[in-house]
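So the structure is just underneath, and the comments pick up after that.
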Amino acid sequence: MNWIWPTTAEVPDKATVLTARQVSENDQRRHRVREHLRNLRGTIGGKAELGGVRAVHSFAAAQLLVYLDPDPKERAAWDRTPSRVHPLVWTRGGSGKKSMVLGSTAERIVGKSEDESKELLGRLLEWPTQDRFTLRHRWRVGDLVIWDNTGMLHRACPYGEQSARLMLRTSLVGEEVVQ
């Protein structure tokens with residue numbers, strides 16, 4: 001699964017603006033944006049169980065989902081991006097809103113084994129990635145999509161290297177440290 005949330009940053013981007021400049025006629029891919037703390041009831045007993053739980057996030061964890069056997073030089077390049085430890089539930093300072101800090105960068109849960117970490121992270125991702133919480137967008141030239149990076153899981157579906165797809169991305173700088 002390649003759900004991205006830029007959690008290797010101490011201060012995540014506030015929002016992303018993506019504009020389609022060129023879309024391949026053969027490229028049937030969709031960009032997906034999924035809500036990610038909404039209706040947490042029903043996952044593992046609710047929000048209370050997650051209080052104080054922290055996860056290690058790394059760029060390498062996300063890359064290893066796509067590139068299963070990187071060469072040592074490539075792996076070393078990934079490892080130069082520092083890992084970060086973030087709470088699983090981030091309470092926003094100004095608004096008090098809560099966001100789950102999940103995604104493909106979540107490598108493991110602090111204090112849990114690798115198996116326990118994968119099981120918990122998998123369960124937490126399973127709920128918000130249900131079709132009923134999913135927006136799927138079929139791109140057309142000129143489309144512009146904006147999303148809140150601090151409360152949405154998002155990803156681009158895979159597309160061929162020869163795809164004529166051209167997107168322009170603008171990131172709005174965040175202001176709040178994840179703590």
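- A tilted orientation is assigned to the rings of H86 and H57, their planes being inclined by 30° to 60°.
- Here the side chain of S104 pairs no donor or acceptor atom with the backbone of A62 at under 3.5 angstrom.
- Residues forming a salt bridge (charged side-chain N to carboxylate O under 4.0 Å, His left out) with K112 (at least two apart in sequence, or on another chain): none.
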(request) Evaluate the criterion side-chain hydrogen bond (donor to acceptor under 3.5 Å, both in side chains) for residue pair E116 and S113; output intermediate values, then yes/no. (result) CA-CA 5 Å; E116 291 172 316; S113 71; 3.3 Å; yes

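- The shortest non-hydrogen separation linking D148 to K14 is OD1-O, 3.3 Å.
- For the atom pair OG1 (T19) and CG (L144), the distance works out to 4.0 Å, reported to the nearest 0.5 Å.
- To the nearest 0.5 Å, the span separating CZ on R84 from OG on S58 amounts to 12.0 Å.
- Remark: E74 pairs with no residue by the salt bridge (charged side-chain N to carboxylate O under 4.0 Å, His left out) rule, at least two apart or across chains.
- Environment of CZ in R140: sparse, with no more than 12 heavy atoms of neighbouring residues, nucleotides or ligands closer than 6.0 Å.
- The residues K118 and D115 are annotated as not salt-bridged, no charged nitrogen and carboxylate oxygen being separated by less than 4.0 angstrom.
- In the hydrophobic clustering of ILVMFWY residues, with side-chain heavy atoms under 4.5 Å counting as a link, V66 and W78 come out together.
- Taking CD of Q22 as the start and CG of L166 as the end, the distance is 6.0 Å to the nearest 0.5 Å.
- Heavy-atom neighbours of E126 CD from other residues, nucleotides or ligands within 6.0 Å: at or below the threshold of 12.
- There is no path of hydrophobic side-chain contacts, each under 4.5 Å, that joins V56 to L120.
- Closest non-hydrogen pair, R169 versus L18, comes out as CB-CD1, 3.7 Å.
- Using a cutoff of 4.0 Å between basic side-chain nitrogens and carboxylate oxygens, R75 and D71 are not scored as salt-bridged.
- Residues I109 and L121 form a side-chain contact, since some pair of their non-hydrogen atoms from C-beta on lies under 4.5 Å apart.
- Listed by chain and number, the residues in a salt bridge (charged side-chain N to carboxylate O under 4.0 Å, His left out) with R54 amount to none (sequence neighbours excluded).
- Side chains of I146 and T16 form no contact here, defined as non-hydrogen atoms less than 4.5 Å apart.
- Connection of Y67 to L64 is established within a shared hydrophobic cluster, with ILVMFWY side chains joined at heavy-atom distances below 4.5 Å, either directly or through further cluster members.
- Residues M100 and V89 have side chains in contact (heavy-atom distance under 4.5 Å, counting atoms from C-beta outward).
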